[in-house]
Amino acid sequence: MDSMLDNLSKTEFISICVRDPRVVKDDHWHTHIDYELCLHTNSMCFRKKTSCVRRRYSEFVWLRHCLEQNALIIELPKLPPWNPFFSLRNTEQALQRMKGMQEFLEFVLHVPLLLSDSRLHLFLQSDLSITHINKCALGKTRYTVAEAIQRSSSGYISRLEDKASCDSDCESSSSSGIGLSVDTPLRGSPLPFFESSDREPELFSCLESQTPLAAP
């Protein structure tokens, strides 16, 4: 019995949860929705064993493209389709999107080749924008990947970015994400702003599943 418990405690696992959709207002006409990504693991692949960051749908699209280019022989699962009429008022629609994004991450986290991509780690465990993730992964920022992950919630990285506002590794405040509307990376027609109070209670529940890592 003791040996069985020891084996269980030594099993590496990664638990990823996509939850808590939130409407963010970009300007008078444009909004987007982001989601909380909570990761819990004992894997040696991750610098932090627990973390929570917020990401939007268009950033998932960017991540999938990056990983697809990095591992051409691996067929990645598709993300939920883009929907110009996506609304948190449609509970089923919102739950399906979160489920699809979580299943995508669960697949990715079980592929050792993809786990070696620093952009994936920055996506999951730092609050860097996509622009800064790219630059950090290429070594073009004043902070390393490890620093970005370890200090993402302390304000250290944001202070460095503010200090470098006139340098080449700083992006404009208007490009803090990929898109300016809910789903699309391009500015389109105005979309209605849905208050967060319209969300159903089940949207806050975690679609969490804790799965052991596959052997390399």
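Sorted by first and then second residue, the salt bridge (Lys or Arg N to Asp or Glu O under 4.0 Å) pairs involving residues 74-83 (not counting sequence neighbours) form an empty list.
Residues meeting the side-chain contact (heavy atoms from CB on, under 4.5 Å) test with Glu103, sequence neighbours left out: Lys99, Glu106. Taking Tyr35 as the reference, nothing meets the ring-ring contact (aromatic ring centres under 6.0 Å, His included) condition, with sequence neighbours excluded. When the ring-ring contact (aromatic ring centres under 6.0 Å, His included) test is applied to Phe60, the partners found at least two apart in sequence or on another chain are Phe123. In this structure Arg64 satisfies the salt bridge (charged side-chain N to carboxylate O under 4.0 Å, His left out) test together with Glu68, sequence neighbours excluded.
Partner Glu36 forms a side-chain hydrogen bond (donor to acceptor under 3.5 Å, both in side chains) with one of Arg19, Arg22, Arg55 and no other, that one being Arg19.
Atom CD1 of Ile14 is separated from atom NE2 of His110 by 6.5 Å, given to the nearest 0.5 angstrom. Here the CD1 atom belonging to Ile130 is positioned 7.5 Å from the SG atom belonging to Cys66, to the nearest 0.5 angstrom. Note that CD1 of Ile16 is 11.0 Å distant from CE of Met101, once rounded to the nearest 0.5 Å. Ser15 OG to Lys49 NZ: the interatomic distance, rounded to the nearest 0.5 Å, is 14.0 Å. For the atom pair Leu79 CG and Leu63 CG, the distance stands at 8.5 Å (nearest 0.5 Å). For the atom pair CG of Leu39 and CG of Leu105, the computed distance is 9.0 Å after rounding to the nearest 0.5 Å.
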Subject >> Worked verdict on Ser58 versus Arg56 for side chain to side chain donor-acceptor pair (under 3.5 Å) >> reply: CA-CA 6 Å; Ser58 57; Arg56 58 190 293 182; 3.2 Å; yes
**OP:** Could you go through the side chain to side chain contact (heavy atoms under 4.5 Å, CB included) check for Phe104 and Leu109 one step at a time?
**Re:** CA-CA 9 Å; Phe104 168 77; Leu109 292 172; over 6 Å; no
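Considering only heavy atoms from C-beta on, Arg151 stays 4.5 Å or farther from Tyr143 through its side chain. Between Val24 and Thr31 the shortest side-chain heavy-atom distance does not fall below 4.5 Å. Between Cys136 and Leu128, the closest side-chain pair of non-hydrogen atoms falls below 4.5 Å. When side chains are defined from C-beta on, Gln102 does not count as touching Met98, because their heavy atoms never get closer than 4.5 Å. For the pair Leu76/Val111, no side-chain contact is recorded, criterion being any heavy-atom separation below 4.5 Å from C-beta on.
The backbone N or O of Arg97 lies less than 3.5 Å from no partner atom in the side chain of Tyr57, so there is not a single donor-acceptor pair. Looking only at distances, no side-chain donor or acceptor of Gln93 sits under 3.5 Å from a matching main-chain atom of Leu88. Checking side-chain atoms of Asn42 against main-chain N and O of Phe13 turns up a donor-acceptor pair under 3.5 Å.
A salt bridge links Asp20 with Arg54; the closest basic N to acidic carboxylate O contact falls under 4.0 Å.
In terms of heavy atoms, Glu147 sits closest to Arg142 at OE1-O, 4.1 Å. A pairwise comparison of heavy atoms in Cys38 and Cys52 identifies SG-SG, 2.5 Å as the closest pair. Pairing each heavy atom of Ile149 with each of Lys48, the nearest pair is O-CD, 3.1 Å.
Taking hydrophobic clusters as Ile, Leu, Val, Met, Phe, Trp and Tyr residues chained together by side-chain heavy-atom distances below 4.5 Å, Leu67 shares a cluster with Phe107.
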Using distance only, find each side-chain donor-acceptor pair of residues 112-122 under 3.5 Å and give its atom names and separation, not counting sequence neighbours.
unit_1: Ser116; atom_1: OG; unit_2: Leu113; atom_2: O; d: 2.5
unit_1: Asp117; atom_1: OD1; unit_2: Arg119; atom_2: N; d: 2.9
unit_1: Asp117; atom_1: OD1; unit_2: Arg119; atom_2: NE; d: 3.1
unit_1: Asp117; atom_1: OD2; unit_2: Asn70; atom_2: ND2; d: 3.1
unit_1: Asp117; atom_1: OD2; unit_2: Arg119; atom_2: NH2; d: 2.9
unit_1: His121; atom_1: NE2; unit_2: Leu115; atom_2: O; d: 2.6

